[in-house]
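The next block holds one structure in the form of structure tokens; read it before the comments.
Note on naming: letters A, B, ... go to the chains in the order of the sequence lines (proteins, then strands), and numbering restarts at 1 for each one.
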2 protein chains.
Amino acid sequence: MTTKKRNEELAYEKVKRAIMLRRLLPGQRVTEEWVSEEINMSRTPIRAAFKRMGNEGLLEVVPHRGAFVYNPSDKEIADVFQLRVVLESYAARLVVPKVTQENVRYMEELLAEEMRAYQAKDFEEFMRVNGLIHTYPAKLSENKFLLQQVETLNQWSDCYLILKDEFYTVPIEKVKSIPEHQCMLNAFRDGNIEGMAEAIEAHLLSTLSDLSGKRSVFN
Amino acid sequence: MTTKKRNEELAYEKVKRAIMLRRLLPGQRVTEEWVSEEINMSRTPIRAAFKRMGNEGLLEVVPHRGAFVYNPSDKEIADVFQLRVVLESYAARLVVPKVTQENVRYMEELLAEEMRAYQAKDFEEFMRVNGLIHTYPAKLSENKFLLQQVETLNQWSDCYLILKDEFYTVPIEKVKSIPEHQCMLNAFRDGNIEGMAEAIEAHLLSTLSDLSGKRSVFN
DNA sequence: AATCAATAAATTGTATACAATCTTTGGACA
DNA sequence: TGTCCAAAGATTGTATACAATTTATTGATT
């Protein structure tokens with residue numbers, strides 16, 4: 001039997017998904033009551049979900065006013081990506097020296113899945129796998145605090161950046177994510193610590209600079 | 001007039017303080033109802049505070065069971081300190097190249113306050129100033145995500161590590177924090193980027209190793 | 001027409017009652 | 001005596017009513 005989820009968790013997932021799918025836009029006001037009617041549950045679990053998203057930087061919760069979908073500035077977006085460089089490459093440095101064949105096979109499988117999702121134009125699946133690739137080193141590090149932070153920042157990035165209209169129309173050979181992830185995988189496989197750290201940095205900064213030219217698409 | 005705080009915020013502060021002062025011990029179970037009676041408010045704001053502390057790693061909230069004061073293993077404590085090294089030295093690298101005289105003066109003032117608090121054996125004040133010293137570079141970095149993370153990890157450290165029985169009895173010349181902070185200040189003043197990063201790393205790892213020998217005092 | 005104050009409306013903040021779920025206890029049965 | 005099941009107890013999860021606070025509206029006054 002599939003585990004019965006609490007409403008609080010459901011509410012969190014639904015609102016997050018709404019932001020990712022751009023049904024809720026940055027800066028938009030969202031009231032507890034509205035969500036409560038929309039997904040048919042009381043304000044109590046909605047409220048808890050709002051608070052959690054506030055902590056994670058997805059919503060801006062203003063006392064007695066309401067919640068607003070976070071509307072990051074260019075600087076804040078850059079800040080998050082630079083922090084991701086620091087944390088994700090730190091995770092890589094911890095992990096690369098002791099990767100096993102199993103780890104490499106799993107990483108290869110992730111890359112293959114990502115490719116399949118891309119070719120099938122399955123956007124949500126693509127994003128899911130992308131997240132798994134980026135958090136995998138942190139997961140292997142067994143530092144739960146590091147992992148949690150990397151996951152939160154990845155999710156934040158997903159909500160505000162990766163979802164481009166052009167995603168569906170760019171020809172596959174121009175998608176830089178896939179070769180850049182391949183580059184990370186190679187260093188990972190070879191036990192090349194600095195190579196992995198550099199590949200992560202290059203990939204994240206490349207993603208950032210690609211996106212910053214297209215900010216008008218989002219706001 | 002002093003701003004009227006929401007009960008939710010009050011509950012958060014009170015429970016956190018109870019953990020810091022070791023009135024609530026690691027591993028101890030804490031129920032919403034008990035806190036609710038203890039500080040005389042309904043379960044609603046308590047519950048919100050619990051969730052927040054769960055996100056920050058101060059409580060472990062188990063569905064339908066209750067909340068437990070987090071009881072970190074040696075490894076988890078080390079993990080947090082190593083993460084602090086990464087983040088606090090990253091903040092220093094960002095900030096040191098552009099410190100102003102004003103920044104230096106403020107940092108000097110913090111060190112002086114810390115010394116006063118120590119000599120007055122004012123523990124809570126000492127901890128407060130210690131926190132300000134460690135978060136100052138992140139504050140100057142103007143990366144709010146970095147700052148929030150550094151603050152959360154500092155607070156976590158405070159709750160689980162720094163509060164030693166011996167604090168009151170150690171002779172002042174043996175307290176390594178103060179000279180180590182002085183070392184950080186010197187690099188900060190001189191614009192010595194790597195010196196600052198190294199001083200931070202040395203200080204945090206020294207604190208960690210001092211404490212890990214004394215774990216029996218806590219658990 | 002502009003400004004300000006008072007009042008109404010909207011929304012979050014809190015309290016409380018009840019439901020769902022987990023844990024423990026007690027006893028029947030092998 | 002040990003094991004399993006059922007029922008009771010304890011605690012969180014959710015719904016709802018009401019209070020507090022902020023924002024919007026209205027109208028009087030200049």
Side-chain angles (χ1 to χ4, degrees), chain A residues 1-19 23-71 148 159, chain B residues 1-19 23-71 148 159:
Chain A
M1 158 201 160
T2 164
T3 306
K4 190 174 184 183
K5 279 182 185 166
R6 283 161 298 158
N7 283 351
E8 185 182 313
E9 183 72 16
L10 281 176
Y12 172 81
E13 288 171 2
K14 294 209 173 195
V15 174
K16 188 175 78 177
R17 188 159 182 278
I19 295 175
R23 301 176 66 86
L24 296 175
L25 293 173
Q28 186 172 342
R29 185 181 185 192
V30 186
T31 68
E32 295 174 2
E33 196 180 0
W34 180 77
V35 177
S36 149
E37 287 166 3
E38 200 74 13
I39 65 183
N40 233 58
M41 57 179 73
S42 87
R43 271 181 48 218
T44 307
I46 310 284
R47 195 176 161 68
F50 274 29
K51 280 282 159 58
R52 178 172 166 198
M53 299 180 78
N55 278 340
E56 294 177 354
L58 262 44
L59 290 181
E60 196 155 9
V61 181
V62 182
H64 287 290
R65 279 245 29 221
F68 298 81
V69 179
Y70 193 62
N71 191 10
Q148 192 203 326
C159 286
Chain B
M1 160 200 161
T2 163
T3 308
K4 188 174 183 182
K5 280 181 183 169
R6 284 161 298 157
N7 284 350
E8 186 181 312
E9 182 73 15
L10 281 177
Y12 172 80
E13 288 171 2
K14 292 209 173 196
V15 175
K16 189 175 79 178
R17 190 161 180 275
I19 296 175
R23 301 177 66 86
L24 296 175
L25 294 173
Q28 186 172 341
R29 185 180 186 192
V30 187
T31 67
E32 294 174 2
E33 195 179 0
W34 180 78
V35 177
S36 150
E37 287 165 2
E38 200 73 13
I39 66 183
N40 234 58
M41 56 179 74
S42 86
R43 272 179 49 216
T44 308
I46 310 284
R47 193 175 163 69
F50 273 28
K51 281 282 160 58
R52 180 173 164 197
M53 299 180 78
N55 278 340
E56 294 178 354
L58 262 43
L59 289 181
E60 195 157 7
V61 180
V62 182
H64 287 290
R65 280 245 29 221
F68 298 81
V69 179
Y70 192 62
N71 190 9
Q148 191 202 327
C159 285

inquiry  = Base, sugar-phosphate or nothing for B:Thr31? Non-hydrogen atoms, less than 4.0 Å.
reply    = sugar-phosphate
Note: for A:Pro45 and B:Ala67 on DNA chain D, the residue whose nearest nucleotide lies more 5' is B:Ala67
Between NZ of B:Lys51 and C1' of D:dT14 the distance, given in whole Å, is 11 Å
**Asked** Does some side-chain heavy atom of B:Lys14 sit less than 4.5 Å from a side-chain heavy atom of B:Glu38?
**Response** no
**Asked** Can a side chain N or O of A:Arg43 be found less than 4.0 Å away from OP1 or OP2 on D:dT14?
**Response** no
Among D:dA20, D:dT14, D:dG13, the one nearest any side-chain atom of A:His64 is D:dA20
Rounded to whole Å, CZ of A:Phe68 lies from C1' of C:dT12 at a distance of 12 Å
Taken to the nearest whole Å, CG/B:Leu10 to C1'/C:dT14 is 13 Å
Exercise. Flag the pair A:Ile39 / A:Leu10 as yes when at least one side-chain heavy-atom distance between them is below 4.5 Å, and no otherwise.
Key: no
Contact between B:Arg52 and B:Glu9 at the side-chain level, heavy atoms closer than 4.5 Å - yes or no? yes
Quiz item: Using a cut-off of less than 4.0 Å, is there contact between a side-chain N or O of B:Arg47 and OP1 or OP2 of D:dG13?
Solution: yes
Ranking D:dA15, C:dT23, D:dT12 by distance to the side chain of B:Arg65, first place goes to C:dT23
Rounded to whole Å, the CD-C1' distance (A:Glu37 to C:dA10) equals 13 Å
* To do: Count the heavy atoms belonging to other residues, nucleotides or ligands that lie under 6.0 Å from CD of B:Gln28, then report whether that count exceeds 12.
  => yes
In whole angstroms, the gap separating P of C:dT11 from CG of A:Leu59 amounts to 16 Å
**Asked** With a 4.5 Å heavy-atom cut-off, do B:Val15 and B:Val35 have their side chains touching?
**Response** yes
message = Please determine whether a side-chain nitrogen or oxygen atom of A:Arg6 lies at a distance below 4.0 Å from atom OP1 or OP2 of D:dG13.
response = yes
Among the nucleotides D:dT14, C:dT14, D:dG13, whichever has the atom closest to the side chain of B:Glu32 is D:dG13
Separation of C:dG13 atom C1' from A:Glu33 atom CD, nearest Å, is 14 Å
Atom pairs under 3.5 Å: protein N/O with N/O of nucleotides 6-10 of chain D:
none

message = OP1 or OP2 of C:dT14 versus the side-chain N and O atoms of B:Ser42: is any pair under 4.0 Å?
response = no
* Does any non-hydrogen side-chain atom of A:Val69 lie less than 4.5 Å from one of A:Leu25? -> no
Considering only heavy side-chain atoms of A:Asn7, the closest of C:dC22, D:dT21, D:dA15 is D:dA15
For residues B:Ile19 and B:Leu59, determine if any side-chain heavy atom of one lies less than 4.5 Å from a side-chain heavy atom of the other. yes
